[in-house]
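As structure tokens, the structure follows; a few thoughts come after it.
What you are looking at is a predicted structure, and each value in this text was computed from that prediction instead of being measured. Computed from heavy atoms alone, side chains included, the values below leave out hydrogens, waters and symmetry copies.
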Amino acid sequence: MVVQSLPVSIQTYMISHQGIMIYFPQIKGLTDEFIQQTINQSIYRATLNLIQRQHVEQDVAVFAEMLGMYEIKTNERSVLSLVLTNYAIASNYANGLTRFEAMTFDLTSGKQYELNDLFQPESDYVHQLSAHIRQQLSERDIPVLNSFEAIQPDQDFYIADKTIVLFFQPLTITPHYVGAPMFPIPIYKLESIIPHDGLLARLAAS
């Protein structure tokens with residue numbers, strides 16, 4: 001497999017109506033137009049799902065304000081990792097709510113990676129990653145709502161700078177003022193459970 005080291009081109013699109021301003025990315029310039037379309041459709045659906053999620057979780061039909069943004073975390077060696085952010089506040093609420101959706105793609109195949117896809121089959125990645133988070137909670141003195149036990153098998157994550165970053169939605173394990181706690185774990189600390197030909201190994205070798 002030939003891996004393209006150059007970043008893929010990113011174009012910003014916008015959804016705007018009735019107090020809603022949402023910016024989301026679409027890729028362009030891939031040789032395989034089907035893969036490009038598949039990835040772009042996934043990103044667009046995730047953008048719409050965040051909007052719908054806000055309506056459901058806040059039980060509000062109309063928001064005073066809704067703002068959607070995105071950040072590209074990795075765009076190299078045919079790996080694209082990004083985070084969509086959606087903030088919304090209703091007119092009768094004191095505080096708004098922010099929700100995040102992270103997405104990681106292999107640009108050579110169009111595959112969107114879940115957390116378990118990054119590790120060897122049958123590896124106890126949940127246990128190992130949870131141990132790293134418990135250590136960081138203690139070292140960084142991050143307050144938690146209840147005692148932290150373990151991540152979910154499909155925990156939110158993105159990849160940046162040879163690091164996998166696990167995160168939790170606001171109010172999931174920490175008080176509101178903490179926001180969305182992020183837990184970076186360098187890839188080299190996970191070498192024993194990542195496939196030698198997997199996505200993380202590809203980035204670690206770059």
Could you tell me which non-hydrogen atom of [X] sits nearest to which non-hydrogen atom of [Y], and how far apart they are?
{"X": "Phe167", "Y": "Phe100", "value": "CE1-CB, 3.7 Å"}
{"X": "Asp117", "Y": "Tyr113", "value": "CB-CD2, 3.4 Å"}
{"X": "Pro143", "Y": "Thr174", "value": "O-CG2, 3.1 Å"}
{"X": "Ile185", "Y": "His132", "value": "CD1-CB, 3.6 Å"}
{"X": "Gln169", "Y": "Thr98", "value": "OE1-O, 4.3 Å"}
{"X": "Ala88", "Y": "Gln54", "value": "N-NE2, 3.6 Å"}

[X] (side chain) donor-acceptor with [Y] (main chain) under 3.5 angstrom:
{"X": "Arg77", "Y": "Arg202", "value": "yes"}
{"X": "Gln112", "Y": "Ser42", "value": "no"}
{"X": "Gln155", "Y": "Gln152", "value": "yes"}
{"X": "Gln58", "Y": "Ile89", "value": "no"}
{"X": "Gln120", "Y": "Ile194", "value": "yes"}
{"X": "Ser130", "Y": "Ile151", "value": "yes"}
{"X": "Ser81", "Y": "Lys73", "value": "no"}
{"X": "Asn75", "Y": "Val8", "value": "yes"}

Distance, nearest 0.5 Å, that separates [atom1] of [X] from [atom2] of [Y]:
{"X": "Leu200", "Y": "Ile164", "atom1": "CG", "atom2": "CD1", "answer": "5.5 Å"}
{"X": "Ile173", "Y": "Phe148", "atom1": "CD1", "atom2": "CZ", "answer": "5.5 Å"}
{"X": "Gln135", "Y": "Ile133", "atom1": "CD", "atom2": "CD1", "answer": "11.5 Å"}
{"X": "Leu82", "Y": "Ile159", "atom1": "CG", "atom2": "CD1", "answer": "11.0 Å"}
{"X": "Ile142", "Y": "Met182", "atom1": "CD1", "atom2": "CE", "answer": "11.0 Å"}
{"X": "Leu107", "Y": "Ile35", "atom1": "CG", "atom2": "CD1", "answer": "8.5 Å"}

Looking at side-chain heavy atoms only, is the closest gap between [X] and [Y] below 4.5 Å?
{"X": "Ile15", "Y": "Leu48", "answer": "yes"}
{"X": "Leu166", "Y": "Leu115", "answer": "yes"}
{"X": "Ser78", "Y": "Thr108", "answer": "yes"}
{"X": "Asn40", "Y": "Ile27", "answer": "yes"}
{"X": "Tyr87", "Y": "Glu65", "answer": "yes"}
{"X": "Glu33", "Y": "Gln37", "answer": "no"}
{"X": "Phe119", "Y": "Leu190", "answer": "yes"}

### Query
Do Ile20 and Phe63 pass the side chain to side chain contact (heavy atoms under 4.5 Å, CB included) test, and can you show the C-alpha distance, the side-chain angles, and the key distance before you say yes or no?
CA-CA 8 Å; Ile20 294 177; Phe63 289 99; 5.9 Å; no
### Task
Tell me, with the steps shown, if Asn49 and Glu101 meet side chain to side chain contact (heavy atoms under 4.5 Å, CB included).
CA-CA 9 Å; Asn49 286 341; Glu101 178 73 23; over 6 Å; no
Membership question, hydrophobic clusters at under 4.5 Å side-chain separation (ILVMFWY): are [Y] and [X] in the same one?
{"X": "Tyr188", "Y": "Leu203", "result": "no"}
{"X": "Ile187", "Y": "Tyr158", "result": "no"}
{"X": "Val126", "Y": "Phe183", "result": "yes"}
{"X": "Leu118", "Y": "Tyr125", "result": "yes"}
{"X": "Leu84", "Y": "Ile10", "result": "yes"}

### Message
Using the side-chain contact (heavy atoms from CB on, under 4.5 Å) criterion, which residues pair with Gln128? Sequence neighbours excluded.
### Response
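Here the qualifying residues are Ser192, Ile193.
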### Query
side chain to side chain donor-acceptor pair (under 3.5 Å) between Glu76 and Thr74: does it pass, once the steps are laid out?
CA-CA 6 Å; Glu76 62 176 320; Thr74 294; 5.4 Å; no
#### Entry: Ring centres under 6.0 angstrom apart (Tyr44, Phe24)
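Between Tyr44 and Phe24, the centre distance is under 6.0 Å.
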Within the supplied structure, the quantity of interest is the number of heavy atoms (other residues, nucleotides, ligands) at a distance under 6.0 Å from [X] [atom1]; does it exceed 12?
{"X": "His196", "atom1": "NE2", "value": "no"}
{"X": "Glu71", "atom1": "CD", "value": "no"}
{"X": "Asp161", "atom1": "CG", "value": "no"}
{"X": "Asp59", "atom1": "CG", "value": "no"}
{"X": "Glu122", "atom1": "CD", "value": "no"}
{"X": "Asp141", "atom1": "CG", "value": "no"}

### Message
Walk me through whether Phe105 and Ile43 qualify under side chain to side chain contact (heavy atoms under 4.5 Å, CB included).
### Response
CA-CA 10 Å; Phe105 298 96; Ile43 294 172; 4.0 Å; yes
### Query
Can you check side chain to side chain contact (heavy atoms under 4.5 Å, CB included) on Thr47 and Tyr13, steps first, answer last?
CA-CA 11 Å; Thr47 301; Tyr13 286 82; over 6 Å; no
### Query
Pick from Arg134, Glu139, Arg140: which one makes a side-chain hydrogen bond (donor to acceptor under 3.5 Å, both in side chains) with Gln136?
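So the option named by the test is Arg140.
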